[in-house]
Protein chains: 2
Amino acid sequence: MARTAAPGTRDTILTAAAGLFYEFGVRAVGMAQVVEAAGCGKNLLYKHFPSKADLAAAYLTLTRRERERTVAEVLRWPTDPTDRLLALVTEIADTVRRPGYRGCAFRNYLTEFPGETDEPARIAQSYLADSRAQMDRLVIGAGGDELLADRIWLVVNGLHSGTPTDAPVAVHWITEMVRPPGAP
Amino acid sequence: MARTAAPGTRDTILTAAAGLFYEFGVRAVGMAQVVEAAGCGKNLLYKHFPSKADLAAAYLTLTRRERERTVAEVLRWPTDPTDRLLALVTEIADTVRRPGYRGCAFRNYLTEFPGETDEPARIAQSYLADSRAQMDRLVIGAGGDELLADRIWLVVNGLHSGTPTDAPVAVHWITEMVRPPGAP
DNA sequence: GTCTATAATCCGATAGAC
DNA sequence: GTCTATCGGATTATAGAC
């Protein structure tokens, strides 16, 4: 056989692309920028990701995996259903407060490509649906009803497009909703 | 004699551009598409709007004017401060429910052009700040405090990136916040 | 309608492991 | 020497601008 492939090339490219896509938006970032940031040639990029849509899909999938890992970590310890719900809400609030936060990657993609039905759009939509379903399960598990789940989702949604100062307000509020002050 | 300029040309172009920009996003729509939709020549477009940023700025300004007109209409009759607040919230919920709604034009622009500081971005940011200040005044006027204003803004924010089914939940909830069930 | 820049994509050339 | 990962320029379409 011939030359051996450099290890981790795909990851290097994907990581570079993910950073750019999130910071500047998928549409605003050209393949040339990705090539430059990854420090590779164009051919190599197209070998691993045949089209920009493929690269965007991989970016969203990577982002989803990272979030799932973070959420799993946060839900690892608490066993009390209300604690679990609040752990997730607090994690979201922390994310939103982090420097460099530029909104939810999935909502951003759908805003950049409205009405799109390609693979990245499907990935974004299914992430949002699954994320909401998980939140619903946590709310129901904590003794809440459908209405409470709808309300909490509304606040979480608002958090994603708000300012960092909204985060503590949201956490405190949701805490109050699931643990009323006048209860044991 | 030279030909006299057709009246309302600027408006025709701007209306066509606004529809496209809102539906597909500013980045996704090319000047050629605007020309085609407006049914004018390219030179005429560039005579009225020297650059795409100018056209985008005009689009956002037009959108702002339309919203201000709608909001003024809705706030025309109610004199009771709580009624006024709820009138605005209901109007927003109705907007979000309307077919063809694709999110808030100003938030969408800022998502499409993150970190931008050009005129359209400034228009979008100042609209959002003014809109929030107006909401704050209505909440304070209705006897609410800063915390309530923060919460209502969070819900309104969430409404803008949610589904039509969130609208009645939000209206009912905010109504409950400003008119508690156990009060006169 | 034309012009130029830049987008996405493709291909001939290079180079390194067997 | 061969075979293939990789690179940088070539190609084509479309953008914004005049």
Side-chain angles (χ1 to χ4, degrees), chain A residues 1-60 108-109 112-121, chain B residues 2-3 5-6 9-10 12-14 16-60 108-109 111-121 123:
Chain A
M1 288 301 269
R3 184 174 175 178
T4 154
T9 305
R10 200 192 124 101
D11 279 0
T12 305
I13 296 172
L14 183 50
T15 302
L20 292 169
F21 282 167
Y22 182 69
E23 185 172 0
F24 303 108
V26 175
R27 266 206 145 102
V29 172
M31 294 299 260
Q33 271 176 82
V34 174
V35 161
E36 188 181 14
C40 71
K42 303 175 197 177
N43 206 346
L44 191 53
L45 169 59
Y46 275 93
K47 176 141 281 184
H48 287 284
F49 305 98
S51 77
K52 191 179 181 181
D54 290 317
L55 185 55
Y59 150 61
L60 292 177
N108 287 355
Y109 184 86
E112 281 197 275
F113 297 85
E116 198 70 56
T117 59
D118 59 0
E119 216 209 331
Chain B
R3 182 169 174 183
T9 305
R10 201 193 122 101
T12 304
I13 296 172
L14 183 50
L20 291 169
F21 283 167
Y22 182 69
E23 185 173 0
F24 303 107
V26 175
R27 267 206 145 100
V29 171
M31 296 297 262
Q33 272 176 81
V34 174
V35 161
E36 188 182 13
C40 71
K42 303 176 195 180
N43 39 12
L44 195 50
L45 169 59
Y46 276 94
K47 180 137 282 187
H48 288 284
F49 305 97
S51 77
K52 192 180 181 182
D54 290 318
L55 185 54
Y59 149 62
L60 292 177
N108 287 355
Y109 184 86
T111 298
E112 281 197 274
F113 298 85
E116 198 71 56
T117 60
D118 59 1
E119 216 210 331
I123 293 171

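Labels below follow one simple rule: chain letters A, B, ... track the order of the sequence lines, proteins then strands, and each chain is numbered from 1.
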Problem - Whole-Å distance separating the CG atom of B/Leu45 from the C1' atom of D/dG16 - result: 10 Å
Handout entry: Sidechain-backbone polar pair: A/Asp11 side chain, A/Gly8 backbone, donor-acceptor under 3.5 Å
Key = no
Practice task
Using a 4.0 Å cut-off on protein heavy atoms (strictly under), produce a 5'-to-3' string for nucleotides 5-11 of chain C with B for base contact, S for backbone-only sugar-phosphate contact, and - for none.
Solution key: ---SBBB
Practice task
For A/Lys52 and A/Val26, indicate whether the former's side chain and the latter's backbone hold a donor-acceptor pair under 3.5 Å.
Solution key: yes
Problem - Whole-Å distance separating the CG atom of A/Leu44 from the P atom of C/dG16 - result: 15 Å
Practice task
Mark yes or no for a side-chain to base donor-acceptor pair under 3.5 Å between A/Arg3 and C/dA17, with no hydrogen or angle criteria applied.
Solution key: no
Practice task
Give the intermediate values and the outcome of side chain to side chain contact (heavy atoms under 4.5 Å, CB included) for residues A/Leu14 and A/Leu55.
Solution key: CA-CA 7 Å; A/Leu14 183 50; A/Leu55 185 55; 4.3 Å; yes
Practice task
Ignoring hydrogens and angles, tell me if any N or O in the side chain of B/Glu112 forms a donor-acceptor pair with the backbone of B/Gly25 under 3.5 Å.
Solution key: no
Practice task
Could you list the residues that satisfy side-chain contact (heavy atoms from CB on, under 4.5 Å) with B/Gln33, not counting sequence neighbours?
Solution key: B/Leu20, B/Val29
Completion exercise
note: A/His48, atom NE2; D/dT4, atom C1'; distance rounded to Å ~ 13 Å
Handout entry: B/Glu36 CD - D/dT14 C1' separation (whole Å)
Key = 14 Å
Fill in the blank from the handout: Between B/Ala38 and B/Thr12 the two heavy atoms that sit nearest each other are O-CG2, 4.0 Å
Problem - Atom pair distance, as rounded to whole Å: NZ in A/Lys47 and C1' in D/dC3 - result: 12 Å
